[in-house]
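Because only heavy atoms are used, hydrogens play no part in the values below, and waters and symmetry mates are left out as well, while side chains stay in. Letters go in sequence order (proteins before strands), and every chain restarts at 1.
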Amino acid sequence: MDTLLNLASSFCLLLGSFLCLSGGVGILRFPDFYTRMHAAGVSDTLAAAMILIGLMLQIPETLVIIKLIIILLMTLFISPSASHALGRAALLNGLTPVVAGDKNHAGQTTEVGDNPSKS
Amino acid sequence: MSMILGLYNYWIVIVLMMIGFYIIIAHGHLIKKIVGLNIFQTSVFIFYISLGKVEGGTAPIWQEGILLYSNPLPHVLILTAIVVGIATTALGLALTIRLKEAYGTIDEDEIQAMDNQAMDNQDKESKPC
Amino acid sequence: MIIAATLAILVVMVLAIIRGVMGPSLYDRILAVNMFGTKTVLLISLLGFVMGRPEFLDIAMVYALINFISVIGVLRLFEAFTAKHNGKVVEPAQRDL
Amino acid sequence: MGIAVAINQIKDMFAVVMLAGIYGLVSASFFVTLDAVDVAFTEASVGAGISTLLMLTTVAITGRTEHEASHKPMLALFVVMVTGGLLIYGTFDMPYFGSVDAPVQNHVGPRYILDSMQEIGVPNMVTSVLASYRGFDTFGEVTVIFTAGIGVLALLSVVRRPEDDTAIEAINDSMHEKHLILRVVIKTLIPFILLYAFYVQFHGDFGPGGGFQAGVIFAAGIILYAMLFGLSVARRVIKQPLVQLLSAIGVLIYGSVGVVSMLNGGSFLDYGVLSADPIAGQHLGILLIELGVGVTVASVMIIIFFSFAGRSEYQQAKKGKSL
């Protein structure tokens with residue numbers, strides 16, 4: 001039973017780490033904001049869940065497990081809604097996505113770039 | 001080698017502190033100055049906390065069976081310092097907003113230039129009479 | 001295993017910081033901050049286990065909360081900022097929600 | 001650990017503030033690895049949360065561009081280098097990192113670690129030192145925060161006229177049409193945030209937490225509400241005069257605990273005399289004092305945020321009218 005739990009937790013932790021890493025590579029390598037957001041948002045949620053479940057399987061104390069569950073719930077609530085708000089705000093403020101076949105690869109408008117917007 | 005391992009945290013603190021210091025004196029923008037002040041502050045916090053760290057100790061919350069704790073005193077000092085830090089930051093930012101309203105800019109040099117000009121004008125007005 | 005996960009998260013944090021420093025748009029930075037925050041939550045929970053005192057999960061909870069609050073705050077304030085400086089309030093999109 | 005060093009060299013103000021937020025998170029993680037859980041708690045909620053928000057509000061009011069520095073930075077660089085060099089020279093005499101026999105560890109620290117369990121009866125040593133051994137200091141800090149609240153109020157409070165209010169509400173309404181999902185999520189989250197603040201407040205004796213942190217978290221919940229539902233709505237829920245009164249009451253609670261302990265024959269802020277059993281007295285005193293701290297910090301943070309946001313909205317309304 002013990003080894004089984006250990007195995008399961010290791011599996012969860014490894015999977016979580018892998019997802020984390022892929023998200024990290026994604027946020028660095030993808031061409032425009034929306035794909036980056038996709039990489040970060042999707043992998044983040046599942047990776048957090050996996051790692052927290054992996055930790056839950058490691059420990060017998062009930063209080064700790066309850067706290068972990070609270071954190072998990074909060075991540076599940078917060079992470080998608082933050083991504084939603086972010087993507088929405090970006091779209092509304094005129095950050096254009098790079099569409100397939102788009103020659104102009106820049107993907108950013110001048111309006112909301114790093115350049116201070118003209119008032 | 002042992003010196004590097006033994007003192008590296010102080011050096012990190014000093015580098016951070018110098019960056020903060022540089023931002024404070026080299027930039028004219030007031031908000032940036034406040035950010036620099038925050039960095040400076042945090043470097044001091046890290047310095048204090050790393051003084052209190054004991055090799056192999058754990059966090060100073062009493063528990064059955066643990067004998068070695070880190071020193072709680074720096075933690076207390078820094079805890080209150082952080083909250084006071086936010087208070088000073090808030091006050092500084094409030095002053096910045098008022099300056100923006102009064103002068104229309106928050107660049108230190110421009111404010112200085114405006115002040116000098118106002119002073120000169122006053123002098124000119126007062127001299128003829 | 002926990003150590004491996006911790007290291008992976010540290011690497012991802014570095015990647016997120018690089019993205020945050022590079023930009024290019026403001027939203028990328030916010031995204032980086034958000035991701036960094038989530039990773040910090042995980043890191044703290046893992047660190048609690050590494051150091052053998054798992055009761056410090058409270059801090060992780062605070063991180064999750066604060067992270068969310070700051071992301072929402074940034075978005076709202078930036079929205080107000082653009083509305084103010086472009087002289088118009090940004091219209092709600094056609095494809096609502 | 002050198003990550004944070006590279007962060008802060010960028011020009012755009014919004015970006016600078018975002019990076020300052022990341023910086024806050026990084027330094028809070030440092031504190032966790034250095035065993036200072038309470039400090040990490042505070043830094044996370046204050047350094048990464050509230051101060052970032054305040055800075056953003058200020059940036060939103062004052063504009064995001066920074067002019068190129070007109071004067072040469074060489075002199076500044078020189079001064080910084082010299083100071084840094086001197087400080088690094090100074091570190092050669094420092095005790096090594098983490099060494100047990102460093103002078104810091106040998107004077108008051110061991111007493112707190114060894115005796116506080118018998119004398120105070122509170123497992124979290126940081127709380128017992130904060131509230132009991134060094135209660136006088138903490139009283140000073142609370143007063144400083146209270147003063148800062150008053151200062152911000154004096155600098156930023158606006159005389160509110162009804163026509164401004166209607167203009168502001170028009171802006172708010174137009175902004176509220178969207179954000180449906182966020183509003184639902186946050187509506188469900190806010191009660192838990194407030195509940196969690198109370199947990200932190202009263203669990204501070206046993207784990208990381210206490211009045212400062214709880215106050216900030218409570219204020220963060222209110223701020224979240226104010227940000228999403230508009231300041232005027234939040235003002236209707238949380239009356240500003242009440243908050244101002246509460247911020248004074250917190251300090252008053254703290255001070256009066258001290259006075260009561262004096263009246264019972266102890267010295268100022270000596271809680272041992274509050275009850276027949278010294279340890280029970282200490283518990284009572286710490287509880288009351290943390291309550292005072294929490295109330296003051298929460299209300300001052302709310303006041304500060306309301307003043308900043310109110311200023312911002314006031315300017316928006318003025319601009320809207322002039323257009």
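Of all the heavy atoms in A:S81 and C:F68, the pair that sits closest is OG-CE1, 3.7 Å. Nearest heavy-atom pair across C:S45 and A:L55 is CB-CD1, 4.0 Å. For the residue pair A:L21 and C:A8, the shortest heavy atom distance occurs at CD2-O, 4.0 Å. In terms of heavy-atom proximity, A:M74 sits nearest to C:A64 at CE-CB, 3.7 Å. Of all the heavy atoms in C:K39 and A:C20, the pair that sits closest is CE-SG, 2.9 Å.
With a 4.5 Å cut-off on non-hydrogen atoms, A:S10 touches chain C through its backbone and its side chain both. When heavy atoms are compared at a cutoff of 4.5 Å, A:I27 approaches chain C by way of both its backbone and its side chain.
To the nearest 0.5 Å, atom CZ of residue C:F49 and atom CG of residue A:L13 are 9.5 Å apart. Put simply, CD1 on C:I30 and CG on A:L86 are 5.5 Å apart, with the number rounded to the nearest 0.5 Å. In this structure, CZ in C:R19 is found 10.0 Å from CZ in A:R29, a value given to the nearest 0.5 Å. The structure places CD1 of A:I78 at 5.5 Å from CG of C:L65, a figure rounded to the nearest 0.5 Å.
The candidate with the highest count of non-hydrogen atom pairs below 4.5 Å against chain C, out of A:G41, A:G16, A:S83, A:A48, is A:A48. Of all the listed residues (C:L31, C:V12, C:L15, C:L7), the one sharing the greatest number of non-hydrogen pairs under 4.5 Å with chain A is C:L31. Of the listed residues C:V71, C:L42, C:T6, the one with more heavy-atom pairs under 4.5 angstrom with chain A than any other is C:L42.
Annotation: side chain of C:I9 is in contact with side chain of A:I51 (closest heavy-atom distance under 4.5 Å). Counting only heavy atoms from C-beta outward, the side chains of C:V41 and A:I71 approach each other to under 4.5 Å.
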